[in-house]
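Because only heavy atoms are used, hydrogens play no part in the values below, and waters and symmetry mates are left out as well, while side chains stay in.
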Amino acid sequence: MWGAYLAGTIPVGAVVVDEAGDVVSAGRNRIFDDARDGQLGRTRLAHAELNALAALTSERTYEGYTLYTALEPCHMCLSAAISVRVGSLRYAARDPYGGAVGKLVASHDHEAHPLRIEGPLGGAPGRLPELLLVAHFLWRVPGRGVTRFYRSSRPDLVAAAQALPAPDSGASLADAVASLDA
């Protein structure tokens with residue numbers, strides 16, 4: 001998530017872990033930056049979750065695996081997790097603008113391969129991803145879509161996002177977390 005933010009793309013990161021909790025794949029949003037390490041880039045499909053899930057082979061299913069993501073997944077990413085047959089999905093922060101948890105119309109395939117979903121987290125781990133999303137859109141497209149939505153529905157988050165370090169500031173993730181308490 002932090003790497004995507006620093007790269008100037010939508011700040012979402014994701015990992016897939018196996019039954020033992022070991023990370024088997026990782027991805028981050030690359031919509032506005034280059035593809036690397038077999039991940040999609042410079043396409044609206046280059047979401048963090050898709051980049052993490054794409055590393056999983058189609059030779060098997062992954063019911064014992066968990067997809068962790070910084071932000072509530074969109075319809076595409078939620079459907080991808082079901083299609084790959086990942087058993088669980090956990091997300092840190094809500095995404096009231098683009099998130100799809102509870103909004104997906106279940107097909108027979110979804111019902112046959114249920115996905116257990118948990119989230120959002122409380123405290124700083126649940127707040128920072130959403131604030132980074134808002135901060136990203138404040139500087140990328142200050143008067144459009146996501147920014148307008150948050151300005152009208154959550155002005156408190158807009159104010160808090162403005163206090164976060166800018167991507168080009170050289171700040172660390174620890175600096176961003178510390179700014180939440182300021």
Side-chain angles (χ1 to χ4, degrees), residues 1-17 26-33 41-53 66-81 88-105 115-182:
M1 161 190 81
W2 186 248
Y5 181 71
L6 294 179
T9 192
I10 298 170
V12 181
V15 297
V16 176
V17 302
R28 70 165 176 81
N29 187 293
R30 294 186 178 277
I31 289 176
F32 299 112
D33 65 329
R42 294 215 180 272
T43 171
R44 297 250 178 222
L45 298 175
H47 290 208
E49 299 89 346
L50 288 186
N51 276 326
L53 292 167
T66 301
L67 171 65
Y68 287 90
T69 183
L71 206 58
E72 177 184 351
C74 69
H75 288 85
M76 177 177 67
C77 294
L78 195 54
S79 292
S88 298
L89 183 143
R90 295 183 181 168
Y91 64 96
R94 290 185 62 242
D95 181 359
Y97 184 82
V101 170
K103 300 173 188 165
L104 205 65
V105 176
L115 177 65
R116 292 175 305 281
I117 301 172
E118 293 180 33
L121 298 174
R127 185 168 164 84
L128 183 60
E130 189 174 12
L131 287 175
L132 287 174
L133 177 73
V134 174
H136 168 82
F137 283 102
L138 283 171
W139 68 263
R140 182 172 281 283
V141 284
R144 295 188 11 217
V146 176
T147 308
R148 268 200 323 258
F149 171 82
Y150 275 98
R151 284 189 194 283
S152 67
S153 67
R154 296 294 308 273
D156 58 313
L157 284 179
V158 172
Q162 289 170 327
L164 288 172
D168 60 358
S169 68
S172 68
L173 178 58
D175 296 329
V177 171
S179 74
L180 296 179
D181 298 327

- Query: Taking only residues two or more places apart in sequence, or in another chain, which ones meet H47 in a side-chain hydrogen bond (donor to acceptor under 3.5 Å, both in side chains)?
  - Reply: none
- Task: May I have all residue pairs that pass salt bridge (charged side-chain N to carboxylate O under 4.0 Å, His left out) and include part of residues 141-150, sequence neighbours excluded?
- Result: none
- Query: What are the two closest heavy atoms between A70 and M1, and how far apart are they?
  - Reply: CB-SD, 3.8 Å
- Query: Is there a donor-acceptor pair under 3.5 Å between the side chain of E49 and the backbone N or O of A14?
  - Reply: no
- Message: When you measure from the side chain of R42 to the backbone of F32, do you find a donor-acceptor pair of N or O atoms at a distance under 3.5 Å?
- Response: yes
- Message: Quick one, C74 and D95 - any side-chain contact, counting heavy atoms below 4.5 Å?
- Response: no
- Looking only at heavy atoms, which two atoms of I31 and T9 are closest? And how far apart? N-OG1, 3.4 Å
- Do you know the tightest heavy-atom contact between A4 and P11? CB-CA, 3.8 Å
- According to the side chain to side chain donor-acceptor pair (under 3.5 Å) rule, which pairs have a member within residues 151-171, sequence neighbours left out? R154-D156
- Item | Under 3.5 Å donor-acceptor, T147 side chain and F137 backbone | yes
- Query: Is the closest side-chain heavy-atom distance between V146 and H136 below 4.5 Å?
  - Reply: no
- Closest non-hydrogen atom pair, A80 against L50: CB-CD2, 3.3 Å
- Message: Suppose we screen for side-chain contact (heavy atoms from CB on, under 4.5 Å). Which residues come up paired with A135, at least two apart in sequence or across chains?
- Response: Y5, A161, L164
- Task: Kindly state each residue pair satisfying ring-ring contact (aromatic ring centres under 6.0 Å, His included) with at least one member in residues 161-180, sequence neighbours excluded.
- Result: none
- Can you find a heavy atom in the side chain of L133 that is under 4.5 Å from one in the side chain of I10? yes
Residues 116-127, side-chain donor-acceptor partners within the protein, below 3.5 Å, at least two apart:
unit_1: R116; atom_1: NE; unit_2: S88; atom_2: OG; d: 3.2
unit_1: R116; atom_1: NH2; unit_2: S88; atom_2: OG; d: 3.0
unit_1: E118; atom_1: OE2; unit_2: R90; atom_2: NH2; d: 3.4

- Message: Which residues pass the side-chain contact (heavy atoms from CB on, under 4.5 Å) test with A93, not counting sequence neighbours?
- Response: L71, P129, E130
- Sequence neighbours excluded, the answer for ring pair (Phe, Tyr, Trp, His ring centres under 6.0 Å) partners of Y97 is F149
- Please, which pairs that meet ring-ring contact (aromatic ring centres under 6.0 Å, His included) have at least one residue in residues 161-181, sequence neighbours excluded? none
- Message: If you count every heavy atom of other residues, nucleotides or ligands that lies below 6.0 Å from R94 atom CZ, does the total exceed 12?
- Response: no
- Query: So do L89 and L78 actually touch side chain to side chain, heavy atoms under 4.5 Å?
  - Reply: yes
- Message: Could you work out, with side-chain hydrogen bond (donor to acceptor under 3.5 Å, both in side chains) as the rule, every residue matching S172, not counting sequence neighbours?
- Response: D175
- Message: Which residues pass the side-chain hydrogen bond (donor to acceptor under 3.5 Å, both in side chains) test with T66, not counting sequence neighbours?
- Response: none
